[in-house]
Visitor: 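My questions all concern the structure below.
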Amino acid sequence: MQKSVLVAADRIRRLEVQGARNVAITAIKAIEEGAKGSEAKGKEAFLNELSDAREVLFASRETEPLMRNAIRHVIYAVESSEKGAVKELIDVVSEVSSQFLENLERSKEKIAAIGSKRITHGSKVLTHCHSSTVTGMLRRAKEEGKSFEVVCTESRPVFQGRITAKEMLEAGIKTTLIVDSAVRYFMNEVDLVVVGADAITSEGNVINKIGTSMVALAAKEARTPFYVVSELLKFDPVTIHGDYEIIEERSPSEVWDDPPSGLIIRNPAFDVTRREFIHGIICEEGIISPHAIGELVSRKYPWILK
Ligand code: RUB
């Protein structure tokens with residue numbers, strides 16, 4: 001197994017790399033680097049190496065369809081390439097990886113341009129966890145000269161909300177940090193909720209950091225618009241065929257590193273927010289209804305469904 005892949009998988013597992021986009025970027029770069037160091041003698045051996053890398057990276061975090069879509073896309077390009085020499089196939093990996101990363105960056109910029117229009121002067125925006133897509137959009141709104149405030153949750157147990165808070169302060173945005181359980185307390189004060197996504201299912205449900213569905217419930221009760229900000233490539237094709245998105249369960253030690261013996265601690269990393277709680281998904285194609293996701297993905301990225 002190539003070292004780059006093992007190192008990347010370990011960094012992803014330990015949350016040294018965090019958030020669906022960063023996870024996918026790290027994985028695809030590791031595959032590309034690993035491929036460059038390949039000593040395979042033919043196409044079949046090269047594909048076997050890629051397949052081993054895929055297994056290791058897929059297992060690093062379970063709820064990451066963007067990473068899986070990225071890796072599948074690269075492997076599919078090699079499988080369907082007419083080229084046979086390993087040297088040429090390495091070039092295919094590099095080319096497809098670069099295109100994928102460029103597309104991801106373009107999508108992020110489009111999302112920022114579209115979503116920032118929903119951030120108005122003097123408004124207060126609540127977000128949960130840390131999503132680089134959400135913070136990119138908020139930074140863009142600030143660059144456009146809008147003055148608004150951000151409220152972010154701590155996002156226990158590993159406090160990704162602190163990353164969001166720091167980024168927002170660095171961008172010059174007035175920011176308040178609250179404990180997760182204070183979301184309802186502040187909900188009437190905010191104008192809008194924006195969260196990221198790790199996965200979007202064929203039914204238009206969204207999987208994001210644990211607690212997101214409670215934030216959505218509170219938003220619905222307070223009649224505060226709740227938006228998901230996400231690249232379409234977070235769509236998980238296995239959900240079309242009836243499979244549920246697997247929810248990663250992480251170590252209890254993240255919750256309490258020295259618990260009394262006999263105590264059961266559960267630590268799911270994500271939860272499912274049903275589509276009826278979502279006002280819209282802000283994606284690279286515009287602000288869409290969760291109902292439209294399957295059709296849009298099949299039009300824009302038909303290869304996902306292969
Ligand atoms: C991060 C998280 C983020 C999404 C979207 O969870 O739930 O909201 O991954 O992030 P974790 P992005 O910290 O467990 O990875 O928009 O950057 O893809």
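Atoms within each ligand, like the ligands themselves, are counted from 1 in listed order. Note: hydrogens, waters and symmetry copies are ignored here, and every other heavy atom, side chains too, is used.
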Visitor: Under a 4.0 Å N-O cut-off, is there an ion pair linking Lys3 with Glu33?
Guide: no
Visitor: Just by distance, do the side chain of Ser51 and the backbone of Leu47 share a donor-acceptor pair under 3.5 Å?
Guide: no
Visitor: Quick check: Gly196 and ligand 1, any N/O pair under 3.5 Å apart?
Guide: no
Visitor: Using a strict 4.0 Å threshold on nitrogen-to-oxygen distance, state whether Asp10 and Arg14 make a salt bridge.
Guide: yes
Visitor: Would you please determine whether Glu231 falls within less than 4.0 Å of ligand 1 on a heavy-atom basis?
Guide: no
Visitor: Polar-atom distance check: Glu64 versus ligand 1, any N or O pair below 3.5 Å?
Guide: no
Visitor: Can you tell me if Arg156 uses its side chain to pair, donor with acceptor, with the backbone of Asp180 under 3.5 Å?
Guide: no
Visitor: Check this for me: does any side-chain nitrogen of one of Glu248 and Arg250 sit under 4.0 Å from a carboxylate oxygen of the other?
Guide: yes
Visitor: Of all the atoms in ligand 1, which lie at a distance below 4.0 Å from a heavy atom belonging to Ser132?
Guide: 12 (P), 16 (O), 17 (O)
Visitor: Hey, does Lys234 sit under 4.0 Å from ligand 1 if you only count heavy atoms?
Guide: yes
Visitor: Please list the nearest protein heavy atom to atom 10 (O) of ligand 1 with its residue and the distance rounded to 0.1 Å.
Guide: Ser131 CA, 3.5 Å
Visitor: Quick check on contacts: which atoms of ligand 1 are under 4.0 angstrom from a heavy atom of Asp198?
Guide: 2 (C), 3 (C), 4 (C), 7 (O), 9 (O)
Visitor: With only distance considered, is Phe270 within less than 3.5 Å of ligand 1 through an N or O on each side?
Guide: no
Visitor: With a cut-off of 4.0 Å, which atoms of ligand 1 are near a heavy atom of Gln160?
Guide: 11 (P), 13 (O), 14 (O)
Visitor: Students should be able to answer this: which protein heavy-atom is nearest to atom 1 (C) of ligand 1, and at what distance?
Guide: Cys129 SG, 3.6 Å
Visitor: Is the closest heavy-atom distance from Arg61 to ligand 1 below 4.0 Å?
Guide: yes
Visitor: Any Lys/Arg nitrogen of Arg21 or Glu105 sitting under 4.0 Å from an Asp/Glu carboxylate oxygen of the other?
Guide: yes
Visitor: Give the atoms of ligand 1, by number and element, whose distance to some non-hydrogen atom of Asn208 is under 4.0 Å.
Guide: 2 (C), 3 (C), 4 (C), 7 (O), 8 (O)
Visitor: Between the main-chain N or O of His73 and the side-chain N or O of Lys306, is there a donor-acceptor pair closer than 3.5 Å?
Guide: no
Visitor: Under 4.0 Å between a side-chain nitrogen and a carboxylate oxygen: does that hold for Glu276 and Lys220?
Guide: no
Visitor: Any heavy atom of Ala197 sitting closer than 4.0 Å to ligand 1?
Guide: yes
Visitor: Which residue and non-hydrogen atom of the protein lie closest to atom 16 (O) of ligand 1, and at what distance in Å?
Guide: Thr133 OG1, 2.5 Å
Visitor: Report yes or no: does Asn22 contribute a side-chain atom to a donor-acceptor pair with the main-chain N or O of Val17 at less than 3.5 Å?
Guide: no
Visitor: Tell me the protein heavy atom at minimum distance from atom 6 (O) of ligand 1, and give that distance in Å.
Guide: Lys209 CE, 3.3 Å
